[in-house]
> 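Input: one structure, supplied below.
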Number of protein chains: 2
Amino acid sequence: MDVKVFSDNQEKLARYAKALGHPVRVYVLELLGKQSCCYSGDLSEELPIAKSTLSQHLKELKDAGLIQGEIEAPRVKYCINKENWEEASTLFKELMQR
Amino acid sequence: MDVKVFSDNQEKLARYAKALGHPVRVYVLELLGKQSCCYSGDLSEELPIAKSTLSQHLKELKDAGLIQGEIEAPRVKYCINKENWEEASTLFKELMQR
DNA sequence: AAAACTGTTCGTATTTTTGCGAACAACGAA
DNA sequence: TTCGTTGTTCGCAAAAATACGAACAGTTTT
């Protein structure tokens with residue numbers, strides 16, 4: 001049976017927050033707030049982490065639904081997943097506005 | 001020397017987000033948004049987790065600066081740490097508003 | 001086709017998080 | 001002072017997160 005303890009929104013918010021819970025991922029999302037899209041390679045140059053590590057962080061953001069990747073020739077173009085981003089925004093707003 | 005890669009705000013935001021990255025902690029903060037304070041014992045009854053586990057979650061929120069605890073007779077009263085909560089609110093708002 | 005470029009996946013190691021029960025500490029009540 | 005209540009801390013175990021380099025896969029360039 002399994003009684004439900006947390007609301008969907010609580011679970012979702014926690015999931016989004018968790019995805020935001022690392023400086024690298026905040027960095028990426030902040031960048032995507034400013035410039036609509038970015039390439040993994042550019043990030044790799046700015047950040048002092050191995051590219052495999054960066055790839056994992058991007059995967060986390062993707063799995064959480066906050067970004068989406070699009071293959072573009074040799075590279076991968078990342079941008080915000082607008083729908084989920086707005087959902088996250090709403091959830092955070094609801095929580096914080098008091 | 002250690003060159004700085006992330007801004008203070010990025011680090012702070014990640015820290016706050018991390019603290020929000022668990023349903024139990026979201027639950028607590030949501031509650032504190034509605035009712036100004038709460039007691040660990042009440043939470044313990046509503047949530048299906050051991051009291052030691054709850055205590056740890058509260059400690060995390062405290063360490064992150066989002067709540068503060070005040071000893072009140074036999075119990076402990078928790079409430080929002082207003083200053084930091086507002087800082088977190090601002091940081092999230094800045095990130096999300098686009 | 002071979003080489004170069006870009007990014008993911010794999011294997012591994014380390015650290016952190018999550019969770020529990022038992023033991024403990026602080027306090028008020030009997 | 002002894003007992004009960006409340007909540008934290010300790011010790012432990014299991015799971016997840018973080019990070020790296022090596023190997024791999026898909027394209028494009030040569």
Side-chain angles (χ1 to χ4, degrees), chain A residues 2-3 5-6 10-29 31-32 37-79 81, chain B residues 2-6 10-11 13-29 31-32 37-79 81:
Chain A
D2 230 34
V3 176
V5 181
F6 302 108
Q10 284 167 340
E11 302 266 14
K12 277 183 192 173
L13 185 45
R15 182 79 181 80
Y16 288 134
K18 195 166 196 172
L20 279 168
H22 191 287
V24 166
R25 301 195 291 265
V26 168
Y27 182 99
V28 172
L29 286 172
L31 191 67
L32 287 179
C37 72
C38 70
Y39 296 90
S40 169
D42 301 344
L43 295 168
S44 198
E45 282 169 27
E46 299 166 36
L47 299 171
I49 58 174
K51 61 185 179 158
S52 55
T53 304
L54 175 61
S55 192
Q56 275 188 50
H57 283 300
L58 292 171
K59 180 168 160 38
E60 291 234 7
L61 288 173
K62 212 164 48 177
D63 289 350
L66 291 174
I67 66 172
Q68 56 200 177
E70 189 186 332
I71 294 169
E72 196 172 85
R75 303 184 294 171
V76 177
K77 183 173 92 175
Y78 285 100
C79 53
N81 180 321
Chain B
D2 232 35
V3 177
K4 237 203 164 176
V5 181
F6 302 109
Q10 285 166 340
E11 301 268 13
L13 185 44
R15 183 78 181 82
Y16 288 134
K18 194 167 197 173
L20 279 167
H22 192 289
V24 165
R25 301 194 292 262
V26 168
Y27 182 100
V28 171
L29 286 173
L31 190 68
L32 287 179
C37 74
C38 70
Y39 296 90
S40 169
D42 302 343
L43 294 169
S44 198
E45 282 168 26
E46 299 167 34
L47 298 172
I49 57 174
K51 61 181 179 159
S52 57
T53 304
L54 175 60
S55 192
Q56 275 188 52
H57 283 300
L58 292 171
K59 180 167 158 39
E60 291 234 6
L61 288 173
K62 212 165 47 177
D63 289 349
L66 291 174
I67 66 171
Q68 55 202 173
E70 190 185 333
I71 294 168
E72 197 171 86
R75 303 184 294 170
V76 177
K77 183 171 91 173
Y78 286 100
C79 52
N81 180 322

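Residue numbers begin at 1 in each chain, while the letters A, B, ... track the order of the sequences.
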> Which atoms of nucleotides 15-19 of chain D (N or O only) lie under 3.5 Å from a protein N or O atom, and what are those distances?
unit_1 : atom_1 : unit_2  : atom_2 : d
D:dA17 : OP1    : A:Lys18 : NZ     : 3.4
D:dT18 : OP2    : A:Arg25 : NH1    : 3.0
D:dT18 : OP2    : A:Arg25 : NH2    : 3.4
D:dA19 : OP2    : A:His22 : NE2    : 3.1
D:dA19 : OP2    : A:His57 : NE2    : 2.8

> Rounded to the nearest 0.5 Å, what separates atom CG in A:Leu32 from atom SG in A:Cys37?
8.0 Å

> Answer with base, sugar-phosphate or nothing: what part of the nucleic acid does B:Ser55 contact at a heavy-atom distance below 4.0 Å?
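Base contact - B:Ser55 has a heavy atom under 4.0 Å of at least one base atom.
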
> Please determine whether side-chain contact (heavy atoms from CB on, under 4.5 Å) holds for the pair A:Leu31 and A:Leu43, giving the CA-CA distance in whole Å, both sets of side-chain angles, and the decisive distance to 0.1 Å.
CA-CA 10 Å; A:Leu31 191 67; A:Leu43 295 168; 3.6 Å; yes

> Just distance, no hydrogens or angles: give the donor-acceptor pairs under 3.5 Å from side chains in residues 14-23 of chain B, sequence neighbours left out.
unit_1  : atom_1 : unit_2  : atom_2 : d
B:Tyr16 : OH     : B:Glu87 : OE1    : 2.6
B:His22 : ND1    : B:Val24 : N      : 3.1

> Once you round it to whole Å, what is the distance between P of C:dT9 and CG of A:Asp63?
10 Å

> In whole angstrom, what separates B:Leu58's CG from C:dT18's C1'?
14 Å

> Rounded to the Å, how far apart are B:Lys62 NZ and D:dG7 P?
12 Å

> Using the side-chain hydrogen bond (donor to acceptor under 3.5 Å, both in side chains) criterion, which residues pair with B:Glu46? Sequence neighbours excluded.
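Applying side-chain hydrogen bond (donor to acceptor under 3.5 Å, both in side chains) to B:Glu46 gives B:Tyr27.
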
> Could you tell me how far apart A:Leu54 (CG) and C:dT9 (C1') are, to the nearest whole angstrom?
14 Å

> Could you tell me how far apart B:Glu72 (CD) and D:dG7 (C1') are, to the nearest whole angstrom?
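The distance from CD of B:Glu72 to C1' of D:dG7 comes to 14 Å, rounded to the nearest Å.
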
> Is there any side chain to side chain donor-acceptor pair (under 3.5 Å) pair reaching into residues 68-79 of chain B, and which pairs are they, with sequence neighbours excluded?
B:Tyr39-B:Glu72

> Produce a footprint string for nucleotides 22-28 of chain C: one letter per nucleotide, 5' end first; B if the base is under 4.0 Å from any protein heavy atom, S if only the sugar-phosphate is, - if neither.
B------

> Report, one line per pair, each donor and acceptor closer than 3.5 Å where one atom sits in a side chain of residues 49-66 of chain A; sequence neighbours left out.
unit_1  : atom_1 : unit_2  : atom_2 : d
A:His57 : ND1    : A:Arg25 : NH1    : 2.9
A:Lys59 : NZ     : A:Asp63 : OD2    : 3.1

> Is the distance from OP1 or OP2 of C:dC5 to the nearest side-chain N or O of A:Tyr39 less than 4.0 Å?
no

> When the distance from CZ of B:Arg75 to P of D:dT8 is rounded to whole Å, what number comes out?
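Going from CZ in B:Arg75 over to P in D:dT8 covers 13 Å.
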
> How many whole angstroms separate atom NZ of B:Lys59 from atom C1' of C:dT18?
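About 15 Å, once rounded to whole Å.
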
> How long is the line joining CD of B:Glu70 and C1' of D:dT6, in whole Å?
16 Å

